[in-house]
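No experiment lies behind these values; they were computed from the predicted model shown. In what follows, every chain begins at residue 1, and chains take the letters A, B, ... in the order their sequences are listed.
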Amino acid sequence: MHPYRTHNCAELNKDHVGETVKLSGWVHRKRDHGGVLFIDLRDTNGLTQCVVDEGSDLLAKIEKVRPESVVTVTGVVRIRPGETQNANMPTGDIELYIDAVEVQGASDVIPFQVAEDDGAGEEIRLKYRYLDLRREKMQKNIRLRNDVITSLRERMKGQGFQEFQTPILTASSPEGARDFLVPSRLNPGKFYALPQAPQQFKQLLMMSGFDKYFQIAPCFRDEDSRADRSPGEFYQLDMEMSFVTQEDVFNVIEPVMRGVFEQFADFSGENRTIPEGKFPQIPYLESMLKYGSDKPDLRNPLEIVDVTSVFARDDVEFKAFKGTIEKGGVVRAIRAPAVADQPRSFFDKLNSWAQGEGAPGLGYVKFENGEGAGPIAKFIPTAAQDELKNLCGLEDGDAVFFICNKELPAAKFAGLARNAICDALPDGHVAEREKGEFKFCWIVDFPMFEMNEETNKIDFSHNPFSMPQGGMDALENQDPLDILAWQYDIVCNGIELSSGAIRNHKPEIMERAFGMAGYDKSVLEDKFGGMLTAMKFGAPPHGGIAPGVDRIVMILADEPNIREVIVFPMNGNAEDLMMKAPSEASAEQLKELNIKLDMPKAKVKSEAA
RNA sequence: GCGGGCGUAGCUCAGCUGGUUAGAGCGCCGCCCUGUCACGGCGGAGGUCGCGAGUUCAAAUCUCGUCGCUCGCGCCA
């Protein structure tokens with residue numbers, strides 16, 4: 001017989017009754033009745049109840065084994081007595097009567113419970129991550145991650161893509177984030193950068209003639225964390241393809257995303273769906289206007305409308321808005337259907353929410369019996385109210401909220417208000433955020449350049465390697481701020497999964513674009529010389545995208561925090577307290593690397609923990 | 001870097017406007033229990049109330065500082 005097991009903890013059933021078997025696993029729960037003792041033995045597959053009673057001299061020994069110890073038990077499978085079978089357990093018809101037990105790894109008293117969710121906080125869960133990972137929920141989440149990655153790979157390979165690994169020790173890439181640097185021992189004073197993305201490598205692969213590339217690629221960015229952004233490192237489904245238009249990239253990625261989301265749609269317990277048909281494509285400017293964001297949550301049915309013209313009318317005397325309009329500001333409106341009968345507190349709460357966000361308030365008009373009502377209705381005469389109704393599609397019983405500011409802050413704040421209003425609606429309301437849906441969209445037509453407010457100069461608004469729409473002709477003949485790029489984002493339920501682009505594969509257009517953004521040719525040569533040279537030896541038109549794997553898994557698992565789907569995540573300060581990373585380097589290591597530390601005195605963290 | 005929230009037993013938390021032996025549930029330890037499956041019953045141990053200073057006759061409670069965790073802003077296209 002095998003030294004550890006003949007079966008796993010999920011596979012024994014009535015068919016095995018009478019067989020002598022061996023199981024290994026963790027002591028999940030112990031139920032000690034004095035004369036009879038039950039152990040639920042757990043491995044990654046499931047649970048099996050094991051029993052010992054007074055008829056055995058093992059009883060005293062097993063009583064002393066603490067939960068989470070690893071044991072090997074040998075015994076005969078027997079049917080559970082009639083009433084005691086457990087229909088909730090896959091192995092609930094049978095039990096193993098223990099004839100022999102070996103403790104493979106005893107457990108100390110555990111710092112938090114594994115067999116149940118005792119609400120233990122993140123700090124302690126991460127410190128003892130291996131215990132946390134034994135818990136059912138984490139086992140499921142991490143297995144989901146495996147399944148999603150497998151699914152993504154198969155779907156990409158099914159479309160003819162090949163997976164290649166690109167370097168981890170490399171040079172700075174143009175993603176715009178802070179780099180992680182690694183000192184080079186063989187090249188004193190020089191540093192590698194960890195890739196923020198395999199951007200240049202995948203483009204070089206296209207220039208190398210490999211048509212369709214993908215990779216589950218680790219990416220490194222030294223930026224602060226968020227709930228949906230793990231510090232330091234994350235994974236992308238990085239892909240690139242040659243001889244393609246933007247539409248071709250969409251046609252590859254949409255079935256991958258739809259496929260993987262449909263495959264795991266019921267993971268969280270509710271059966272979620274994706275609307276039929278192609279993902280909607282929303283131009284960037286339209287998205288900023290209608291949703292106040294370039295990553296709109298389309299489950300929220302509320303939309304934003306520009307109503308500057310109403311408040312600019314001579315017969316409207318709302319001075320607070322008029323002053324802002326005269327300075328070039330805009331007024332944005334959000335129609336909230338069927339809320340006129342909401343209590344005063346509904347509007348007051350939204351108003352104080354707005355004030356909490358730093359706005360003067362959230363003005364509104366509600367329409368009942370054909371008449372406008374509310375604090376600012378009196379400033380808007382009937383004719384102007386009619387224009388407002390037309391613009392916003394207002395009906396009796398609706399209310400409309402107003403945001404007035406300069407264009408960009410007005411758009412962004414309207415976007416926040418759009419969500420705040422939706423969330424404030426009572427359950428079951430017609431405009432409630434849809435549940436059980438994955439609503440995807442593409443945001444397209446990003447501007448190529450933007451005005452840097454601080455320097456008042458033109459800068460790239462996104463990836464400088466994107467192809468401008470209209471190519472060289474556009475760069476030469478259009479107002480730079482009007483030039484659009486073949487640049488796109490994919491968004492699901494208000495979460496940005498990825499950006500992508502059709503790349504600029506023509507060196508002369510690249511030089512021109514960088515020149516317009518104020519970069520001298522020498523900068524381009526210096527930072528991206530390798531790729532620029534490669535472009536001069538026959539570069540195919542190409543483009544790609546790189547959806548975030550962690551975020552996909554997070555949405556599918558319905559977790560609010562990305563650390564719940566990462567095996568060994570760092571904490572918010574980019575520390576791994578279990579591995580004690582980062583840690584100080586020894587004097588020998590530093591000397592070998594020709595590095596001397598120059599620490600700011602006040603900021604040295606004390607070693608006492 | 002900035003702002004909000006939190007910090008009390010191994011874990012999760014209660015402790016109102018300051019008041020004398022700081023509580024609960026789970027866990028842990030001991031005893032009892034032959035059919036449980038979140039087993040049950042009885043008993044027990046366990047706390048410099050994050051740390052430091054201040055106010056006060058008196059501080060878990062109020063004030064200031066500091067450290068840690070977390071969420072958000074900046075940043076990350």
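- Between A:Arg31 and B:U36, a side-chain N or O to OP1/OP2 separation shorter than 4.0 Å is absent.
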Write out a two-atom table: protein N or O, nucleotide N or O from nucleotides 40-42 of chain B, distance below 3.5 Å.
none

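- Nearest-nucleotide positions on RNA chain B for A:Arg226 and A:Val109 put A:Val109 closer to the 5' end.
- The phosphate of B:C75 (OP1 or OP2) has no side-chain N or O of A:Arg221 nearer than 4.0 angstrom.
- For A:Arg29, a side-chain nitrogen or oxygen approaches OP1 or OP2 of B:C39 to under 4.0 Å.
- Contact check of residues 112-135 of chain A against RNA chain B (heavy atom, cut-off under 4.0 Å) returns A:Gln113, A:Asp118, A:Gly119, A:Ala120, A:Gly121, A:Glu122, A:Glu123, A:Ile124.
- Look at A:Asp297 and A:Arg299 and you find a salt bridge, because one of the NZ, NE, NH1 or NH2 atoms lies within 4.0 Å of a carboxylate O, short of that distance.
- Using a 4.0 Å cutoff on non-hydrogen atoms, no part of residues 56-63 of chain A comes near RNA chain B.
- Using a cut-off of 4.0 Å between Lys/Arg side-chain N and Asp/Glu carboxylate O, A:Asp423 and A:Arg433 are scored as salt-bridged.
- Ion pair A:Arg125/A:Glu564 flagged as a salt bridge, since at least one NZ, NE, NH1 or NH2 atom sits closer than 4.0 Å to an Asp/Glu carboxylate oxygen.
- Checked for salt-bridge contact, A:Lys202 and A:Asp238 meet the test: a charged N lies under 4.0 Å from a carboxylate O.
- Of the candidates B:G72, B:U70, B:C37, B:U70 carries the atom nearest the A:Asn571 side chain, counting heavy atoms from C-beta on.
- Of the candidate nucleotides B:U34, B:C37, B:C71, B:C71 has the atom nearest to the side chain of A:Ala227.
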